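Everything numeric here is computed off the predicted structure, so don't read it as measured data.
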Protein chains: 2
Amino acid sequence: MKTGVAELISDRMDSMPAGERRAAQALIAGYPVVGLKTVAEFSQVAGVSSPTILRFVARLGFHNYPEFQAALQDELAAQLQSPASRAGLPQPSRRGGVPPTVEATLENIHETFRHVSEKQIADMVTLLSNPKAAVFLIGGRFTDPVAHYMAAHLTIIRPNVLHLAGQESNWRDRLIDMGKRDVLLIFDIRRYQESLARFAEKAHQRGVHIILFTDQWLSPIARFARHVVVGRTAVPSPWDSSAALFVVAETLIGELTRRLEADSARRIGEMEGLR
Amino acid sequence: MKTGVAELISDRMDSMPAGERRAAQALIAGYPVVGLKTVAEFSQVAGVSSPTILRFVARLGFHNYPEFQAALQDELAAQLQSPASRAGLPQPSRRGGVPPTVEATLENIHETFRHVSEKQIADMVTLLSNPKAAVFLIGGRFTDPVAHYMAAHLTIIRPNVLHLAGQESNWRDRLIDMGKRDVLLIFDIRRYQESLARFAEKAHQRGVHIILFTDQWLSPIARFARHVVVGRTAVPSPWDSSAALFVVAETLIGELTRRLEADSARRIGEMEGLR
DNA sequence: CCGACGCTGTATCGTATGTTACGATTTTTG
DNA sequence: CAAAAATCGTAACATACGATACAGCGTCGG
């Protein structure tokens with residue numbers, strides 16, 4: 001039975017000393033190329049000494065280093081030569097390659113983007129690309145980190161970005177600063193938070209453009225939103241998954257960065273100068 | 001301009017002597033694996049002598065054999081890292097909707113879970129399932145929201161969970177509370193933050209179990225980590241993507257919830273009662 | 001607190017590897 | 001057809017590579 005080197009590693013990884021484990025991680029990170037280099041180079045990449053590398057390969061069951069390299073080469077040859085190698089056979093042990101909940105997540109992301117048109121994304125990016133208009137972000141109990149993540153990026157590429165966090169009384173007072181040209185990004189999945197809905201309504205009354213990220217059951221805030229992004233959240237797990245919304249957020253960040261390229265490049269340059 | 005080795009060969013193939021041409025054909029036939037073997041083996045496969053191999057690589061423009069091998073390795077590394085070559089496009093039916101960056105993200109998630117074994121996940125879950133041991137979470141500039149997201153869930157299903165946020169001086173003092181049984185979850189992708197590394201080292205000296213979420217270039221914290229999760233972050237965008245790490249985090253949350261089902265159900269019940 | 005064990009790095013050794021010189025053989029050219 | 005040129009293989013060489021012995025160090029158990 002020909003068991004792959006990568007599996008050998010993940011099997012015995014935990015029964016290894018610290019140094020050899022570093023070797024294992026370095027090999028996985030640059031698989032399999034670093035294993036084809038010399039022992040000295042390998043050791044340097046892994047940050048350990050040469051003998052540790054040799055002990056590492058010995059623990060995997062090889063009698064010497066060349067034998068270990070030969071195994072890698074055979075594996076590589078088999079992988080590259082078979083034209084059907086694209087289907088994802090490299091892990092014969094694990095069926096489907098990924099755990100079911102991850103598979104569901106992948107499916108969710110895919111499905112989410114089938115319903116979010118590129119035009120919709122472009123429209124939202126346009127809204128966000130006006131540097132005069134302020135951008136506010138807020139989220140619910142589990143989704144606020146996603147809002148935070150998005151805010152961390154937006155702050156870099158454009159001014160007037162504010163993540164509304166902390167005490168409710170804290171951000172409620174920010175309503176006073178919101179005007180017709182401004183944008184409010186809300187993340188809200190079930191169970192939908194009452195406080196968020198109240199906040200959204202007030203903002204809506206002030207003429208703020210609301211962009212809502214929610215799940216397929218639609219937060220009540222959708223009523224006030226200019227744009228609604230529906231992300232699939234169902235996974236075989238006790239929790240809902242926010243991964244799809246996370247990816248949508250990253251996509252918006254990327255697109256907006258592209259759009260503002262000229263301006264944001266100068267801005268980033270200035271920021272570097274301030275260090 | 002970096003022209004591939006294979007192209008170099010086909011360019012100059014016809015201006016080669018018979019022996020070197022045999023070498024070229026042998027290399028193309030088993031590309032690039034035979035080129036990574038020793039000169040003697042290469043010569044044997046090609047059916048020529050060692051010096052002929054040397055003259056062959058010299059004609060391609062390389063000064064010596066190791067330089068030639070290094071070029072092959074670089075080429076191979078670049079080829080393996082770009083997902084387009086391998087897993088390719090397993091979904092030819094619905095390639096329409098998703099933008100390229102999303103496609104890359106999906107591929108990243110898939111690839112990430114090829115290297116994270118289920119056993120590794122199970123081990124990490126075991127570490128996290130001890131309610132006596134405290135769990136601390138921290139992240140870098142862009143990844144701290146992911147840590148926050150994970151903390152929000154963990155807090156519900158088990159006690160002694162603390163997200164280290166805010167001022168550096170703030171969480172540094174928390175070291176005093178960390179002991180040998182405790183677990184520290186760190187998210188760190190490039191550019192790796194100096195402050196995080198210092199913190200990790202201190203925690204490591206106190207005997208804390210460190211679980212590291214990083215990118216394929218391995219944060220220096222890997223040196224101190226008991227478990228290292230390598231997430232793919234490359235996307236066709238100015239930013240790196242944290243989506244893969246996000247999904248890993250969700251997976252851990254789900255698995256841990258399942259493991260603690262009995263305890264956490266009672267705990268959640270109590271929480272409901274407190275409203 | 002102390003002894004034993006295991007892990008890791010430094011230094012050293014033998015050897016396999018890449019490299020070069022030179023002569024044999026084939027191919028080319030006048 | 002002969003001489004010259006070019007190509008190729010055999011053999012000797014030097015380097016650097018993998019392998020090993022040993023000592024320092026931290027860690028665990030008594």
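Annotation: the span from B:S237 atom OG to A:H153 atom NE2 amounts to 8.0 Å, rounded to 0.5 Å.
Mapped onto DNA chain D by nearest heavy atom, B:S50 and A:Q69 fall at different nucleotides, with B:S50 at the one closer to the 5' end. Each of B:K180 and B:G47 was matched to the nucleotide of DNA chain D holding its nearest heavy atom; the match closer to the 5' end belongs to B:G47.
Using a 3.5 Å distance cut-off with no hydrogens or angles, the side chains of B:D215 and B:T233 do not pair a donor with an acceptor. For the 3.5 Å distance criterion, the side chains of A:Y149 and A:D144 fail to qualify, holding no donor opposite an acceptor.
The nearest whole Å value for the distance from the CZ atom in B:F56 to the P atom in C:dG18 is 15 Å. When rounded to the nearest whole Å, the span between CD of B:Q44 and C1' of C:dT17 equals 15 Å. The CG-P distance, from B:L54 to C:dA21, rounds to 12 Å in whole Å. In this entry the distance linking CD of B:E41 with P of C:dA16 reads 13 Å, nearest Å. In this structure, CZ of B:F42 is placed 16 Å from C1' of C:dT17, rounded to the nearest angstrom. Look at CZ on B:R55: it is 11 Å from P on C:dT20, rounded to the nearest Å. Atom CG of B:N64 and atom P of C:dT20 are 9 Å apart (whole Å). Summarising the geometry, the separation between CZ on A:R59 and C1' on C:dT8 is reported as 12 Å, rounded to the nearest angstrom.
Within the 4.0 angstrom heavy-atom criterion, base atoms lie near A:P51. At the heavy-atom level, B:S49 lies under 4.0 Å from base atoms of the strands shown. At the heavy-atom level, A:T52 lies under 4.0 Å from the strands shown only through sugar-phosphate atoms.
More than 12 heavy atoms of other residues, nucleotides or ligands sit less than 6.0 Å from atom CZ of B:R259.
Listed for the B:Q44 side chain is no donor-acceptor partner under 3.5 Å among the backbone atoms of B:S49. With B:T143 contributing its side chain and B:G139 its backbone, the two residues share no donor-acceptor pair below 3.5 Å.
Residues B:F136 and B:V208 form no side-chain contact, since every pair of their non-hydrogen atoms from C-beta on lies 4.5 Å or further apart.
Taking a heavy-atom distance under 4.0 Å as the criterion, the stretch of DNA chain D touched by chain B extends 5' to 3' from D:dT7 to D:dT10.
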